[in-house]
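Let me begin by presenting the structure, written as structure tokens, before commenting on it.
None of these values were measured; they are calculated from a predicted model. Both counts, for ligands and for their atoms, begin at 1 and track the order of listing. Just so you know, residue 1 is the first one in the sequence shown, and it goes up from there.
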Amino acid sequence: MTLEEFRLLRDHVYSHCGILIHEDMKFVMERRLWPRLEALGLLDFSAYHRYLRYDIQRTAELEAAVESLTTHETYFFREPAQLKAFCDELLPILEKRNARTRRLRVWSAGCSSGEEAYTVAMLLKDSGRFNDWDVEVYGTDLSRRVLAVARRAEYGPSALRATPPDLLERFFVPAGLNRVRVRDDVKAWVSFGHHNLTDEATSQLLPRTDVVFCRNVMIYFDQAARRRVLAVIRDRLCPGGYLLLGHAENLLSLGADFELVHLRGDLVYRRPDLLGGEGR
Ligand SMILES: C[S@@+](CC[C@H](N)C(=O)[O-])C[C@H]1O[C@@H](n2cnc3c(N)ncnc32)[C@H](O)[C@@H]1O
């Protein structure tokens, strides 16, 4: 792969989904995309770039290319301190605020194979606050492959490595050797859909939500792509709704229009509510 070919492919991936691959990852890109060239019978990366731009199969191939370049690392009950702050400090606020509508919406944006969305649904069930409410947790991701895993809801030891034993007992049923399946009443609160966070137009079709978990997704984006995604998230959040990022992420220097909220157990972000909740 020449440097020029690398840059063409990098820019193509970036403009599709915001993921920016640095120049020192050129050899990784080359190694990961080479099987695609072989599968298509193409001789070099210039031909592959032309295929991605002009071939009738270009959309499917771009998905395959991005799939081979992205990481989907995730597991149940990731970042427990943040989840505790969510349960102890945000859920009481949301219960009070939405008491009239008895509706709660949570979006797991960049949900990978579903562990984060199911974790949230389990925490909502476990809190006992929303059991007769209209609750929906929806997970979205760019990768159709991981969404298929999410919908199947069957997991092995790696996904469960941080799951407390009592929650494992309560929210999963056995599903064969070393595998478990998410219980049906948890699944009933969760749905999944394909969505590109950098696509402002299709984002308009997503429902308004009370909380967004967007953890460990924007770390692969540059500042410009982060700004675009944050505008999408802000637009889909109800006024006063909360945004939870991964522990290595923050909105510093992005000039994003969110308030920083100091919880006892975590820092989270909130869409300003200019009407003080009167608008709902
Ligand atoms: C490392 S996983 C994080 C999963 C989960 N949020 C967590 O923290 O455990 C990042 C996910 O973001 C998804 N992703 C990356 N770019 C995206 C985009 N532009 N739109 C939607 N999802 C994206 C990837 O496909 C991947 O599944």
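- Each of the atoms 1 (C), 2 (S), 10 (C), 26 (C) of ligand 1 lies under 4.0 Å from some heavy atom of T71.
- Short contacts between ligand 1 and N196, defined as distances under 4.0 Å to a heavy atom of the residue, involve ligand atoms 18 (C), 19 (N), 20 (N).
- Annotation: S143 places no N or O atom under 3.5 Å from an N or O atom of ligand 1; distance criterion only.
- Under the 4.5 Å side-chain heavy-atom criterion for ILVMFWY residues, a single connected hydrophobic cluster contains both F86 and F171.
- Using a 4.0 angstrom heavy-atom cutoff, F221 counts as in contact with ligand 1.
- For ligand 1, the atoms sitting less than 4.0 Å from at least one non-hydrogen atom of N216 are 1 (C), 2 (S), 3 (C), 7 (C), 8 (O), 10 (C), numbered in the order shown with element in parentheses.
- Of the N or O atoms in R215, one or more lie within a sub-3.5 Å distance of an N or O in ligand 1.
- Of the options E5, E23, E4, a salt bridge (charged side-chain N to carboxylate O under 4.0 Å, His left out) to R10 is made by E23 and by none of the others.
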With side chain to side chain contact (heavy atoms under 4.5 Å, CB included) as the test, would you mind laying out the steps for L8 and R53 before giving the verdict? CA-CA 10 Å; L8 286 169; R53 285 194 71 93; over 6 Å; no
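- For atom 22 (N) of ligand 1, the closest non-hydrogen atom of the protein is L142 N, 3.3 Å.
- Where the criterion is an N or O separation shorter than 3.5 Å, residue side chain and backbone included, R78 meets it with respect to ligand 1.
- Distances below 4.0 Å separate heavy atoms of T74 from the following atoms of ligand 1: 4 (C), 5 (C), 7 (C), 9 (O).
- Inclusion of T140 in the set of residues having an N or O under 3.5 Å from an N or O of ligand 1 is not warranted.
- In the model, Y48 has a side-chain atom that pairs as donor or acceptor with a side-chain atom of E61 under 3.5 Å.
- Close N/O approach between G110 and ligand 1 is found [any backbone or side-chain N/O within under 3.5 Å].
- Between L197 and ligand 1, at least one pair of N/O atoms sits closer than 3.5 Å.
- Taking the six-membered ring for Trp and thresholds of 30 and 60 degrees, W133 and F130 have ring planes more than 60 degrees apart, a perpendicular arrangement.
- With hydrophobic clusters built from ILVMFWY side chains whose heavy atoms lie under 4.5 angstrom apart, L69 shares a cluster with I219.
- Taking every heavy atom of I19 and a limit of under 4.0 angstrom, the matching atoms of ligand 1 come to 15 (C), 16 (N).
- Considering only non-hydrogen protein atoms, atom 26 (C) of ligand 1 sits nearest to H72 ND1, 3.3 Å.
- When ring centroids are compared, Y155 and F172 stay outside the 6.0 Å threshold.
- At a 3.5 angstrom cut-off on N or O pairs, Y75 does not count as close to ligand 1.
- Which parts of ligand 1 touch S112 is read off a 4.0 Å heavy-atom cut-off, strictly below it: atoms 4 (C), 27 (O).
- Near E116, meaning under 4.0 Å from any of its heavy atoms, are these atoms of ligand 1: 5 (C), 6 (N), 7 (C), 8 (O).
- The residues R161 and E73 are annotated as salt-bridged, a charged nitrogen and a carboxylate oxygen being separated by less than 4.0 angstrom.
- For the atom pair CG of L243 and OG1 of T209, the computed distance is 10.5 Å after rounding to the nearest 0.5 Å.
- The residue from V217, L147, T140 that alone fulfils the side-chain contact (heavy atoms from CB on, under 4.5 Å) condition with C111 is L147.
- When each atom of ligand 1 is checked for a heavy atom of H195 under 4.0 Å away, the hits are 20 (N), 21 (C).
- Looking at D141, T70, V66, T198 and measuring to atom 13 (C) of ligand 1, the nearest heavy atom belongs to D141.
- Cluster annotation: W107 is connected to L245 through the hydrophobic network of ILVMFWY side chains, with a link wherever side-chain heavy atoms come within less than 4.5 Å.
- Side-chain atoms of S191 and E136 include a donor-acceptor pair closer than 3.5 Å.
- Checked against a 3.5 angstrom limit, the closest N/O atoms of V217 and ligand 1 fall outside it.
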